[in-house]
Number of protein chains: 2
Amino acid sequence: MSLPNSENASTLENAMQLMIQTFHKYSGNEGDKYTLSRAELKEMLTTELGNYLGNAQDKEAVDKVMGDLDSNNDGEVDFTEFIILVGALTVACNDFFLEYNDKQEKKK
Amino acid sequence: MSLPNSENASTLENAMQLMIQTFHKYSGNEGDKYTLSRAELKEMLTTELGNYLGNAQDKEAVDKVMGDLDSNNDGEVDFTEFIILVGALTVACNDFFLEYNDKQEKKK
């Protein structure tokens, strides 16, 4: 998948393009090339979010994320469902970093 | 704002960190340092999303985005509201790129 005009992109536009590229890197492996199957979701979680989600090799964990995300119950995660996951994780990270920074400042 | 452990980050983790950094780059300028005021929102829209949103200098456009995003009507955009904006724009971009790629493929 190639994206047009990424040379003059801002930081935020780069972030948006990285999310789009990440999804399509995994969604194209099997079946519908615009959705993540259970196997593609597992590969994406393990490779991209290992630091955040821990042991995503765990079949139960993958099933739980798939169950939470797959709002239309078709066994596939589409791009909108993927963005909801990434958004929720980013909000959680931001909360974590703010707490972390508060603690660092208190140490000074 | 400094983020811990960004050296071994995956592509998706980088995207998440870029979104967090972008928000705090603007939110810290005035008032509550963890929310975007109207002026901070305008600067963020103009600098970061100029290519996508066009003429965000337009006061009406900024007011409209603020009105749409500020779900609790406090005149400030918090991090969760910011992520909802970025998520919605990313889904729109993805749709655009898929259409663009389909057209490129049909040309071949």
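Atom CD of residue Gln17(A) and atom CG of residue Asn94(B) lie 11.5 Å apart, to the nearest 0.5 angstrom. Atom CG in Leu49(A) sits 6.0 Å away from atom CD in Glu13(B) (nearest 0.5 Å).
When all heavy atoms of Glu48(B) and Ser10(A) are compared, the pair lying nearest together is O-OG, 2.6 Å. The two atoms that bring Val91(B) and Phe79(A) nearest to each other are CA-CE2, 3.8 Å, heavy atoms only.
Counting heavy atoms from C-beta on, the side chains of Met19(A) and Met16(B) never come closer than 4.5 Å. Counting only heavy atoms from C-beta outward, the side chains of Leu98(B) and His24(A) approach each other to under 4.5 Å. Looking at heavy atoms from C-beta onward, Leu12(A) lies out of side-chain contact with Leu18(B) at the 4.5 angstrom threshold.
Looking at Thr22(A), the atoms closer than 4.5 Å to chain B (heavy atoms on both sides) all sit in the side chain, from C-beta outward. Within the 4.5 angstrom heavy-atom criterion, only side-chain atoms of Phe82(A), from C-beta onward, approach chain B. Residue contact with chain B, scored on non-hydrogen atoms closer than 4.5 Å, is absent for Ile84(A).
Asp102(B) pairs by the side-chain contact (heavy atoms from CB on, under 4.5 Å) definition with Tyr34(A), not counting sequence neighbours. Remark: Ala88(A) engages no residue in a side-chain contact (heavy atoms from CB on, under 4.5 Å) (not counting sequence neighbours).
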